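Computed from a predicted model, the values in this text were never measured in an experiment. Side chains are part of it too, since the values below use all heavy atoms of this structure and drop only hydrogens, waters and symmetry mates.
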Amino acid sequence: MDPQPSPHPARRPPTPVLRALRLCLHLLMAGLLVLAAAGAESAAGSALAVVTGAVYAAGSYLPSVRSSQRAAAVWLAVLGASWLALLWLTPEALWVAFPLYFLQLHLLPVRWSLPVVALTAGAAILSFVGHGAALNPGVFIGPLLGGAVAVATVLGYQALYRESERRRRLIEELIATRAELAAAERHAGTLAERERLAREIHDTLAQGLSSIQLLLRAAERALPPGSPAAGHIDRARQAAQDNLAEARRFVRALSPPDLEHGSLAAALERLCEPGAAPESGGYERSGGPRVRFSVSGTPVELPTPYEVALLRIAQSALANTVRHAGASRAEITLSFMDASVTLDVVDDGEGFEPASVRPSSDGGFGLPAMRSRAESLGGMFTVESAPGQGTAVAVSLPLPAGA
């Protein structure tokens, strides 16, 4: 039999060690039945030893015995009855009790197997006495000691097996978590690189093409009427305009997915929905604070770097609120004014001392990273907080000319 702690439908294939233990059990049972048949004083005893071996062999190869506890109990009952009949005919059959101990302990729950092992040991002792053997301590100690050794061996093996399974599951979970973390880091790195490229294209290529357009327009106005260079300047200005539009399309294509299908206000409103999990924030807000979003002023179209910076700052500030503030309410406000756009994230959480904040070692989206985003666009970043008084994060960006 397969020496597992208990039948289980999802049992893994036996290891070489388990196969070796099962083979040893088969050989032990076969050898003891041969001994019982040889010691039988009648043909009926030898025949019954063969029947007992046949019952054992049948159960060893029936899949239902290994997968069903009920089938295993029925098989053990039939095997036990055959053994008791053999025990009645020959005292040599009492040695078969030792492999029976292991079968009972492996195939039955502990609350059943321990009493059955005790009954098996008692039957062996009674058989030894019933066949006229002289009473001595060994008659009682032998079967009882064998049962105790079997119980200690099997229960110890089951404890080791459970510990091994627990560690195997922990290792599998660790491997899965490492894979998920690596995928998340790759995704975050991809998004960060997209944002960096979008910012670089906007700040260098797009701004350069826009400046070329302005210079060509000024040169066109400065030309005398009918100048042969006017056509060349006009075509150059048109080429610069076309390439500027293409550069802006690149910037839009590299913007965060949150902004691909709507405005900044829509992305911020989705951020406040229950269970929202922004990609840069990496949190699940179920059971967290209630978050409300509002817009004040007249919304205007913002450059992509502005939208990216404001969205990422909102995600980071809200992530900090969920993870650290213990707040019950939070509010995100996007305000459009004549010369600037302002984002405020306010919560009623535990608060902290802003002066005690240090840059995070993992380069995460902490307060220093939010401040860096705002200042890279010429804006201002402020944090107001105190222990027990909540936190208010505000960022103000100057609106570019023409916005």
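Taking 4.5 Å as the limit, some side-chain heavy atom of Y56 sits within range of a side-chain heavy atom of L103. V151 is not listed as a side-chain neighbour of T153, based on a closest heavy-atom distance of 4.5 Å or more. Inter-residue side-chain proximity for V341 and L264 is flagged as unmet; no heavy-atom pair is nearer than 4.5 Å. The shortest distance between side-chain heavy atoms of I332 and F293 falls below 4.5 Å.
Judged by distance alone, with hydrogens and angles left aside, the side-chain atoms of S82 form no donor-acceptor pair with the main-chain N or O of V78 at under 3.5 Å. Without hydrogens or angle criteria, S316 side chain to I313 main chain gives no donor-acceptor distance under 3.5 Å. No donor-acceptor pair closer than 3.5 Å links the side chain of S164 to the backbone N or O of L160. The backbone N or O of F352 sits less than 3.5 Å from a side-chain atom of S385, completing a donor-acceptor pair. No donor-acceptor distance shorter than 3.5 angstrom exists from the side chain of D344 to the backbone of A392, with no hydrogens or angles considered.
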Indicate every side-chain donor-acceptor pair of residues 109-117 with a distance under 3.5 Å to a residue at least two apart or in another chain.
residue	atom	partner	partner atom	Å
S113	OG	P109	O	3.1
S113	OG	V110	O	3.4

Pair up each side-chain donor or acceptor in residues 224-236 with any protein partner under 3.5 Å, not counting sequence neighbours, and list the distances.
residue	atom	partner	partner atom	Å
S227	OG	A229	N	3.3
H232	ND1	R235	NH2	2.9
D234	OD1	R237	NH2	3.2

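One finds the CG atom of L397 at 5.0 Å from the CG atom of L310 (value rounded to the nearest 0.5 Å). Between the CG atom of L216 and the CD atom of Q238 there is a distance of 11.0 Å, given to the nearest 0.5 Å. I175 CD1 to I171 CD1: the interatomic distance, rounded to the nearest 0.5 Å, is 7.0 Å. Considering CZ of R371 and OG of S376, their distance stands at 13.0 Å, rounded to 0.5 Å. Considering CD of E331 and CZ of R292, their distance stands at 4.0 Å, rounded to 0.5 Å.
Closest non-hydrogen pair, A267 versus L311, comes out as CB-CD1, 4.1 Å. The minimum heavy-atom distance between V395 and F381, with the atom names listed, is CB-CD1, 4.2 Å. When all heavy atoms of L399 and L302 are compared, the closest pair comes out as CD2-CD2, 3.5 Å. Taking both residues in full, the closest heavy atoms of G351 and T391 are given as CA-OG1, 3.8 Å, listed atom of the first, atom of the second, then distance. Closest of all the heavy-atom pairs between M29 and L100 is CE-CD2, 4.2 Å. In this structure, T321 and A327 approach most closely via the heavy-atom pair CG2-CB, 4.0 Å.
With respect to E165 and R168, a salt bridge is recorded, a charged nitrogen being found less than 4.0 Å from a carboxylate O. Using a 4.0 Å cut-off between charged side-chain N and carboxylate O, R169 and E172 make no salt bridge.
Counting non-hydrogen atoms of other residues, nucleotides and ligands closer than 6.0 Å to CD of E375 gives a total above 12. M380 CE: 12 or fewer foreign heavy atoms inside a 6.0 Å radius.
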